[in-house]
Amino acid sequence: MVPRTPGVFNAGHAYRPDIDGLRAIAVGVVLLYHAFPTLLPGGFIGVDVFFVISGYLITQLVTEDLRPGTFSLRVFYERRVRRIVPPLLLILTLCAAFGWYSMTPVELETLGNTIEWSAAFLANSYFAGAAGYFESTSYSSPLLHLWSLGVEEQFYLVWPLLLIAAGRQRVTAPVLQAIIGTSLAISIWGAWDSPNTHFFRLACRAWELAAGGLLAVRLQRAPTGHTAGPTADLLSLSGLLLIVGGSCLLRADMAFPGAWALIPTAGAALLIAAGPRAWINERILASRPCTFVGRISYSLYLWHWPLLAFARILLGHAPSAVVAAGALGAAFLLACATYYLLECPIRFGALGRRSAPVLLAALAAVTLCGAALGGHRITARLSGPAFLALDQATMDWKYPGQSNFRRQTDFVAWEVPSHSAQKVLFIGDSHIEQYWSRVAYLIAARPDATGSAEFATYSGCPPLPGVNVRVAGVNCERFFDYALSRAWHSDVVTVVFGAYWEGYLVGKFGSEHEPRHLYSVNDPLHRNLRLDSPGAQAAFDEFARQVSRLVRSGRRVFIVLSNQTSPRFDPLTLIPARARLAPHAPLRIEFDPSSRSVPVRPYEAFAAPVVSKLREIAAATGAQIVDPTDTLCDPMACATTSTDGRPLYMDSNHVRPFFARERAVFLDQMLLLDARPPAQLTSDAGKEPAR
C-alpha cells in the first residue's frame, strides 16, 4: 500500500493514490514535450489532464464539506495560498535574480513583465496578448508555463462561490453541464477564429475543469461510487490510451484547444471514473514511483521550464538532447528539495497554518519587483554599450508605413516620391517592408532615374488571393483585393510581390513548434492550408492568373523570394554564455566564430517546395523571379554580423535597415525607370481586376 500523503483533502476525505499517479502522467508528458518536442509532439495536453484533475478534486472537496455545513471559504483560500504560493515565490524570485544577472535590458524588461503578471495569477492574460504558446520566440520566456497556473487560480477564485450558489438551489449538475457546453463552444469557436490568443483563455479551458467537477458530483451520487470489475478496467485502459495517443498524435499546428481537447479531457475523466481498483489505476498509477512523482508534480512543473528556457538563452539555441535531459534531471532534484523543505513544512506544519498573510504580502512584493524590472527601475547587470547595441538591433525596425486593417478603417499605404509619375508598387508583408531603406536611399540618390515607390503591405498576410490567417481582426483577402486594385492604376508600371512565403505554408525554418494557421476563405471550417492541399493550389493558381494578366498588360512583374532565415540570425543568440555569466559584465563581446555565419543549403532545402511553385508561376506568366540570397549572402553562407560586429538581422528572419540599404541591390532593377512610356500599358489599366 502507498502511504497516505496529505493533499488537497483534509482528514475527512479519502486519498486516491491513483490520482497522484495521474498527475505523474500529466507532468511527464509535458516535460517530455518541452525537452524533446519531436519525441512527443502532443505532450502539451498534459496541462489539460491537470485541469480535469483540479476540477475533480476541488469540486469533491467543496461539495463534500457543503453537505454537513463544514465548508469555510476562509479555510479554503488559506489552503490554496499555502499550497500554491511558496514554490511559486521561490521560482519567481530565483528567475528575477538570475534574469538580472544573465539577461540584457530588453530581455529583463520582458521577464519583469511576466513576473508582474504571473505573481498576480494573470500570466494567461499576459501571454494571450503576446506571442502564441507555440511561437518560437515564446520558448525563451522562462515563465511561459505559468499561464496554466493563472487559469487554475482564476478557477479556484470563483469555483467555490459558484458551487455554494448552485448547491443552495440544488442545481449543481445542471450548472456544471451549462458551463461545459458554453465553454466548449467558446473553445471550438476560439480555435476556429484565433487559436494563438484563445489557447490561454479561461473561457476556453473552463469546460475541462468543469468536466472534472461534474464527474465528482456524479460519483458522489452513484450508489456504489466507482464502477468495478471489467468495466472499470476498460474505462481505465481507454483513458490511458486517449492520453498516450493524444500525446503522440496531436501537433502544435492543430488549432488547440477546441474539439481536440476532448481527447485528453475524456482520457483523464475515464481514468478517474474507473476508480482506484481498476487494474491500471491500482497497479500502475498507484505504484510508489508514480505517486511520488505525482506528489512533487507541482514543483517539478514549476522548475522544469525555467531551466530549459535559461539553457536556451545561454546557449543561443535550443538545448541538445543531453542538455535537455540534464535540465530535467536537475528539475527533478530541485522539485524534491522544494517539496520536502518548502511545500510540506508550510502546507502541513503548525507555522504554515498562520502563514497565508505573510505569503500574500511576499507575493505582492514580488509583483512590485517585477514591475520595477519591467519598468527599468532596476538596471540590468548587462547594461553596458556592447549589450545595449544588441538590444537595439532587436528593435531596429523603421518602416514608416501604416496599416489600419485591425481598426477596420481604410488601408493606408506608404509612398516615396521621385521626380517621375511612374510608380513601382510593392505588395507583400513585413518581408517587403524590410527593404524600404534601400528604396528610400535609391530614390533620394537618383530621383530623376527612378520611379516613385508605393508600398501596399500587411504584416502577417501573404500576397495570395482567397486566403486568410486565423488571427482576430485580420482580413488578408481584403488586403490582397486592395493591393491588386492599386496595381491596375494607370501610373503603376512595375508590380513587385514579396513575402515570407514558406512561413505560411511550410513553417519557420529551424523551429519545431511553429504553427501555420493559414486557411482558404472558401473553407467554413478554416482548416490549415498545407502546400500540397487543394486550397493552397487554388490560391497559387489564382495568383498565377492575376500575375499573368498584369504581365500581359505591359507591366513588369517581379516575385521576390524570401530572404534566408535562421534562429541564429537573432542578435541576442549571438551572445556567448561566457559573456552572460562572467562575474564582471564585459565591455566588449567576442562572438564565437561558429556564430558569425549560417550555411545557405539547409534553408534552401527547407524552402524548396514553395520556391519551386513560385518559379513555375514566373516561368508560366513571364514574371521575373528575384532571390535575395544572391546579394545578401555569399554562395555558401550568410553572415550574421558585419565585419565590425554589428548584427545584420533584427530577429530570425528580418534584415536590419542598414544592411538592406547596403546590400539589397536587387531592388534597383525594379526602381530604375523603364524605357517604355506608360501609354504602352493595355486598356485594362485603371480597371478593377476580374476575379
Side-chain angles (χ1 to χ4, degrees), residues 2 4-9 15-34 43-58 61 76-95 118-119 121 123-124 142-157 205 208-209 212 268 285 289-308 327-328 330-349 352 355-356 359 362-363 366:
V2 178
R4 176 182 171 134
T5 301
V8 289
F9 300 120
Y15 169 66
R16 282 186 55 178
D18 60 307
I19 291 184
D20 266 342
L22 184 56
R23 282 195 180 109
I25 298 295
V27 76
V29 297
V30 171
L31 265 61
L32 287 175
Y33 168 69
H34 284 158
F44 52 85
I45 66 172
V47 173
D48 304 89
V49 176
F50 273 123
F51 288 156
V52 177
I53 295 172
S54 294
Y56 172 79
L57 293 176
I58 295 302
L61 168 66
F76 174 84
Y77 289 130
E78 283 182 350
R79 286 178 180 165
R80 290 296 89 208
V81 170
R82 296 202 310 269
R83 165 73 168 123
I84 299 297
V85 174
L88 177 64
L89 277 174
L90 176 64
I91 294 298
L92 293 178
T93 302
L94 292 178
C95 282
S118 298
F121 300 111
N124 59 321
L143 299 177
L144 172 68
H145 63 321
L146 295 187
W147 74 268
S148 62
L149 191 61
V151 170
E152 288 210 2
E153 292 310 300
Q154 292 158 25
F155 163 77
Y156 293 149
L157 186 64
R205 302 286 185 166
E208 301 174 39
L209 293 147
L285 298 184
C290 282
T291 55
F292 176 74
V293 174
R295 289 196 296 274
I296 68 168
S297 60
Y298 175 53
S299 290
L300 183 55
Y301 181 76
L302 290 183
W303 273 110
H304 88 283
W305 184 247
L307 293 177
L308 289 170
L328 293 190
F332 181 82
L333 296 176
L334 291 167
C336 291
T338 303
Y339 177 75
Y340 286 112
L341 301 179
L342 185 65
E343 282 194 69
C344 288
I346 293 179
R347 287 179 66 191
F348 311 123
S355 63
L359 292 171
L363 200 61
V366 171

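Worth saying up front: this structure is predicted, and the values here are computed from it rather than measured.
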Test Leu146 against Trp305 for side chain to side chain contact (heavy atoms under 4.5 Å, CB included), laying out the working first. CA-CA 9 Å; Leu146 295 187; Trp305 184 247; over 6 Å; no

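- The heavy-atom pair separating Ser148 from Phe51 by the smallest distance is O-CE2, 3.8 Å.
- Proximity of Val85 to Arg80: side-chain heavy atoms (C-beta onward) are nowhere separated by under 4.5 Å.
- A donor-acceptor contact shorter than 3.5 Å links the side chain of Gln154 to the backbone of Phe121.
- From Cys290, atom SG reaches atom CZ of Arg23 across 13.0 Å, with rounding to the nearest 0.5 Å.
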Any chance you could lay out the side chain to side chain contact (heavy atoms under 4.5 Å, CB included) test for Tyr298 and Leu149, step after step, and finish with the verdict? CA-CA 10 Å; Tyr298 175 53; Leu149 191 61; 3.9 Å; yes

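- In this structure, Leu22 and Val52 have side chains that are not in contact, with every pair of non-hydrogen atoms separated by 4.5 Å or more.
- Side chains of Ser54 and Glu208 form no contact here, defined as non-hydrogen atoms less than 4.5 Å apart.
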Checking Leu90 against Trp303 for the side chain to side chain contact (heavy atoms under 4.5 Å, CB included) test, could you report, in this order, the C-alpha distance in whole Å, the side-chain angles of both residues, the deciding distance, and whether it holds? CA-CA 10 Å; Leu90 176 64; Trp303 273 110; 3.9 Å; yes

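- Once rounded to the nearest 0.5 Å, the distance linking CD of Glu152 with CG of Asn124 reads 11.0 Å.
- Val30 places none of its side-chain heavy atoms less than 4.5 Å from the side chain of Val49.
- Residues Ser299 and Tyr339 approach most closely at OG-N, 4.3 Å, considering heavy atoms.
- Looking at heavy atoms from C-beta onward, Val27 lies out of side-chain contact with His304 at the 4.5 angstrom threshold.
- Considering only heavy atoms from C-beta on, Tyr33 stays 4.5 Å or farther from Ile45 through its side chain.
- The backbone N or O of Leu157 lies less than 3.5 Å from a partner atom in the side chain of Tyr77, making a donor-acceptor pair.
- Note: Ile25 CD1 to Phe50 CZ = 10.5 Å, rounded to the nearest 0.5 Å.
- Within the 3.5 Å criterion, the main-chain N or O of Val47 finds no donor-acceptor partner in the side chain of Tyr301.
- Thr338 has its side chain out of reach of Ile296: every pair of non-hydrogen atoms, C-beta onward, lies at least 4.5 Å apart.
- To the nearest 0.5 Å, the span separating CG on Leu88 from OG1 on Thr93 amounts to 8.5 Å.
- A pairwise comparison of heavy atoms in Pro306 and Ile91 identifies CG-CG2, 4.1 Å as the closest pair.
- Between Val81 and Pro86, the shortest heavy-atom distance links the atoms O-CD, 3.4 Å.
- To the nearest 0.5 angstrom, Leu328 atom CG is 8.5 Å from Leu307 atom CG.
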Tell me, with the steps shown, if Ile346 and Leu359 meet side chain to side chain contact (heavy atoms under 4.5 Å, CB included). CA-CA 10 Å; Ile346 293 179; Leu359 292 171; 4.0 Å; yes

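- Across all non-hydrogen atoms, the minimal contact from Leu61 to Arg79 is CD1-NH1, 4.1 Å.
- Here the shortest heavy-atom pairing between Thr291 and Leu285 reads CG2-O, 3.6 Å.
- The CG atom of Leu341 sits 11.0 Å away from the CG atom of Leu334 when rounded to the nearest 0.5 Å.
- Arg83 is listed as a side-chain neighbour of Glu343, based on a closest heavy-atom distance under 4.5 Å.
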